[in-house]
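Report on the structure given below.
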Amino acid sequence: MKDFTTQAMGNPMAGNPFATRADAQQAVVDLTAPLLEAFSPGCARVTLGATGAHFHAAAADLEGLVRPFWGLAPLLAGGGRFYGIEKFVDGLNNGADPAHPEYWGPVTDRDQRMVESAAIGYALALAPDVFWDGLSPRGRDCLRDWLLNSLHQTPAPNNWNFFHVLVSLGLRRVGIDHDLTIIEGNLDRLEGWDMGNGWYRDGSSQQADHYIPFAMHFYGLIYAQYGPEGDSARRERFRERARRFAPQIAHWYAADGAALPYGRSLTYRFAHAGFWGTLALAGEEALPWGDIRGFWARNLRWWSDKPICDPRGTLSIGYGYPQLSMSERYNSPGSPYWAMKAFAPLALAADHPFWAAEEAAPKERPQVVSLPEPGMVKFEDRGDVTVLAGGQRSPTFGRTAEKYNKFAYSTRYGFSVETEGRAFRNGPFDNMLAFSEEGDLAMVRCRESMARIGPDWLYSAWSPMPEVAVETWLLARPPWHLRIHRISSARHVQTVEGGFALRRDDPTPGPALQPELTDRMARMVTAQDASYIIDVAAPFPGVTRRAPRVVMPEPNTNVLAPRSWVPQLTATLVPGEACFGAWIYAGRLEGQAPPEAPMAMPSADDLAAMRAGGEVIRVWDLPAG
């Protein structure tokens with residue numbers, strides 16, 4: 001391994017091919033080393049920045065200390081080394097001690113410290129010789145009491161129930177008795193959120209996002225591997241769900257390894273790879289080992305050249321680059337180190353089939369796939385993945401309409417969040433239809449009163465504001481997709497609808513790139529990509545023609561590109577019925593002209609059949625809002 005004491009600049013994973021187990025071991029060392037300069041004198045606090053989260057600063061500093069355990073524990077369990085681990089162990093000695101000035105404080109109901117208790121439980125379960133035997137006698141007593149107290153506190157009604165489960169696994173590994181009826185209750189609640197077909201809800205809410213693979217399945221597989229022998233039936237249920245889930249979540253990954261940017265907590269970044277890695281940890285060959293290794297390694301390589309760190313090499317809050325505007329209220333400077341979940345396979349021996357398998361290349365897949373549980377129709381173009389989306393009930397975290405309720409999401413083009421309260425005049429509104437009555441605040445689809453999905457289409461009914469009702473049809477026609485909107489309004493409103501956002505780079509010497517506009521099309525073409533939105537007449541009365549434009553949204557709105565262009569269509573509607581449609585495309589050029597839009601329009605009867613049921617394979621009946 002290279003000398004970890006050399007302070008990493010930029011992304012510590014830069015240049016790492018993730019071709020071998022040693023490469024992954026090196027990544028954990030490189031990612032953790034920059035943290036050594038951020039320890040408090042007593043080592044119980046690791047302060048990585050000055051930004052705040054909604055919880056106490058002590059909990060944020062606890063995050064900085066223990067979230068690296070998701071990578072360090074398997075590294076050490078598998079025989080790897082990290083020079084500096086003593087600081088982390090000293091942090092456990094002192095942080096759990098009520099008499100120490102750096103005491104974290106006790107875990108209370110729905111407390112962020114409960115989240116971090118899971119990382120400690122994981123570390124005790126995998127590497128007790130380091131994280132338990134390395135403690136002083138008082139340190140063991142204090143950490144025992146701190147963890148036992150955590151089990152008697154109420155978790156949030158979602159994946160947090162797994163935090164008690166992981167603490168229990170750690171306590172069992174080091175021989176600490178505790179109330180197992182609490183854990184049984186947690187596990188029963190978690191299994192009650194099984195949606196079928198391998199999917200979970202994260203609690204009682206409807207949304208299905210990356211928390212399903214990197215939380216619900218991740219923890220479930222850990223329990224399947226390390227849980228008590230007497231609970232073998234439940235452990236097997238966790239395995240069976242993961243086996244059913246793996247070929248479906250594979251559709252969220254592009255050929256280059258990019259995972260679909262979608263939903264909340266994207267600042268955890270390569271935690272996406274954690275699902276694939278934990279299949280390995282659990283010895284669960286849900287797909288051939290070469291395929292699992294491929295999804296895992298390609299995702300880590302995709303992240304290895306992204307500007308996701310500060311100059312010290314510390315992971316930043318953001319996704320494709322440092323970007324606070326996409327964060328949630330629970331993101332502290334230490335939060336991004338949940339990404340270390342990706343390194344679960346390091347606990348495995350070098351001769352495990354996961355490490356012994358040759359990484360398989362991406363497989364050919366059906367071009368259009370309907371995924372009813374997350375409410376998505378997926379299609380591919382040149383290895384990039386696009387999903388049409390509907391039916392989600394987004395949680396009440398920051399900018400959730402942008403994260404869950406756009407019409408389409410892309411592994412290559414990401415999505416944009418509004419930085420100025422959805423300012424109507426210059427908002428990106430990529431893959432959204434926005435409404436405004438005064439030309440300032442924009443209202444968009446936040447949730448539907450009805451959503452239906454078919455083999456290559458989605459239908460939803462929704463209302464962006466009082467006295468405005470919208471029906472939307474989304475139809476996959478790869479590499480394009482078609483949108484049709486039917487609107488009934490008692491108000492005078494302005495509307496804008498966007499296509500996909502393109503990266504806006506500094507121009508090379510010569511004329512700057514210019515949008516291409518016709519009477520019904522807005523197109524932006526760069527050296528690498530093209531993005532189109534074409535206005536078309538939909539097959540209902542009240543057709544409204546729209547004006548094309550290309551906007552340059554405020555910087556730092558798109559999660560992948562700090563600056564962007566978005567082609568849009570605009571219209572002003574008077575009270576009554578209105579209808580319009582659009583063909584949407586974005587794709588790599590690779591020396592080829594963009595494909596022609598299909599232009600074949602479904603009939604009004606076809607659309608009515610979708611609304612009424614047609615080939616529907618899932619129906620949601622959701623509260624309007």
Side-chain angles (χ1 to χ4, degrees), residues 323-327 394 398-409 413-446 462-470 472 483 485 487 489-505 512-526 531-535 544-575 578 580-582 584 586:
Q323 184 195 19
L324 282 173
S325 62
M326 56 72 67
S327 66
S394 56
R399 300 170 180 85
T400 51
E402 288 88 346
K403 295 170 183 176
Y404 289 92
N405 301 120
K406 290 180 185 279
F407 302 131
Y409 294 85
Y413 304 108
F415 66 88
S416 303
V417 295
E418 317 300 329
T419 58
E420 295 190 12
R422 298 201 190 116
F424 185 79
R425 297 185 188 282
N426 67 337
F429 304 120
D430 50 318
N431 298 309
M432 302 181 96
L433 175 61
F435 292 78
S436 177
E437 199 167 27
E438 303 294 336
D440 45 17
L441 179 65
M443 307 298 288
V444 297
R445 185 175 75 165
C446 293
W462 53 285
S463 175
M465 61 177 67
E467 299 181 306
V468 177
V470 185
T472 293
R483 301 181 202 155
H485 307 288
I487 302 161
S489 175
R491 299 170 177 262
H492 288 81
V493 291
Q494 297 171 271
T495 68
V496 59
E497 181 172 13
F500 289 93
L502 287 192
R503 177 181 296 273
R504 177 165 59 93
D505 292 324
L513 295 175
Q514 297 295 323
E516 300 178 31
L517 305 176
T518 69
D519 61 342
R520 62 189 186 96
M521 179 192 72
R523 174 173 64 186
M524 195 67 217
V525 180
T526 69
S531 180
Y532 287 63
I533 186 167
I534 303 174
D535 184 49
T544 301
R545 303 316 300 246
R546 295 185 285 176
R549 70 181 188 185
V550 173
V551 298
M552 293 188 295
E554 293 295 313
N556 307 315
T557 52
N558 186 269
V559 298
L560 293 176
R563 292 177 293 172
S564 62
W565 280 293
V566 181
Q568 296 178 339
L569 297 171
T570 67
T572 298
L573 305 182
V574 299
F580 38 68
I584 313 292

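Applying the side chain to side chain donor-acceptor pair (under 3.5 Å) criterion to Glu467, with sequence neighbours excluded, gives no partner residue. Remark: Arg546 engages Glu497, Asp535 in a salt bridge (charged side-chain N to carboxylate O under 4.0 Å, His left out) (not counting sequence neighbours). With sequence neighbours excluded, the residues satisfying side chain to side chain donor-acceptor pair (under 3.5 Å) with Arg491 are Glu437. The side chain to side chain donor-acceptor pair (under 3.5 Å) test applied to Thr472 returns Trp462, His485, not counting sequence neighbours. Listed by chain and number, the residues in a salt bridge (charged side-chain N to carboxylate O under 4.0 Å, His left out) with Arg399 amount to none (sequence neighbours excluded). Contacts of Phe415 classified as ring-ring contact (aromatic ring centres under 6.0 Å, His included), with partners at least two apart in sequence or in another chain: Tyr409.
Here the side chain of Arg523 pairs no donor or acceptor atom with the backbone of Glu516 at under 3.5 angstrom. Proximity of a side-chain donor or acceptor of Thr495 to a complementary backbone N or O of Ala571 within less than 3.5 Å is detected. Between the side chain of Ser436 and the main chain of Leu441, a donor-acceptor pair closer than 3.5 Å is present. In terms of modelled atom types and a separation under 3.5 Å, the side chain of Gln568 and the main chain of Pro428 share a donor-acceptor contact. Checked by atom type and distance alone, the side chain of Ser463 pairs as donor or acceptor with a backbone atom of Val468 at under 3.5 Å. Although no hydrogens or angles enter the test, the distance criterion places a donor-acceptor pair under 3.5 Å between the side chain of Gln323 and the main chain of Thr557. Listed for the Lys403 side chain is a donor-acceptor partner under 3.5 Å among the backbone atoms of Met326.
Side chain to side chain, Arg503 and Asn558 fail the donor-acceptor criterion of an N or O pair below 3.5 Å. Using modelled atom types and a 3.5 Å distance limit, the side chains of Asn556 and Ser325 yield no donor-acceptor pair.
In this structure, the side chains of Arg545 and Arg520 come closer than 4.5 Å at one or more pairs of heavy atoms. Counting heavy atoms from C-beta outward, Asp505 and Thr526 have side chains that stay 4.5 Å or more apart. Looking at Val566 and Val551, their side chains come closer than 4.5 Å, going by heavy atoms from C-beta outward. No side-chain heavy atom of Pro555 sits less than 4.5 Å from a side-chain heavy atom of Pro562. In this structure, Thr570 and Arg549 have side chains that are in contact, with non-hydrogen atoms separated by less than 4.5 Å. Between Lys406 and Phe429 the shortest side-chain heavy-atom distance does not fall below 4.5 Å.
When all heavy atoms of Pro553 and Ser564 are compared, the closest pair comes out as CD-O, 3.2 Å. Of all non-hydrogen atoms in Phe500 and Ala408, the two that sit nearest each other are CZ-CB, 3.8 Å. Between Met432 and Arg483, the shortest heavy-atom distance links the atoms N-NH1, 4.5 Å. For the residue pair Leu560 and Gly414, the shortest heavy atom distance occurs at CD1-N, 3.5 Å. For Gly498 against Ile533, the heavy-atom pair with the smallest separation is C-CD1, 4.0 Å. When all heavy atoms are compared, the tightest approach of Asp430 to Ala501 is CB-N, 4.1 Å.
The CD1 atom of Ile487 sits 4.0 Å away from the CZ atom of Phe435 when rounded to the nearest 0.5 Å. With values rounded to the nearest 0.5 angstrom, Leu502 atom CG is found 14.0 Å from Arg563 atom CZ. A distance of 10.0 Å separates NE2 in His492 from CG in Leu573, rounded to the nearest 0.5 Å.
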For this session: Any chance you could lay out the side-chain contact (heavy atoms from CB on, under 4.5 Å) test for Leu433 and Phe407, step after step, and finish with the verdict?
Result: CA-CA 9 Å; Leu433 175 61; Phe407 302 131; 3.8 Å; yes

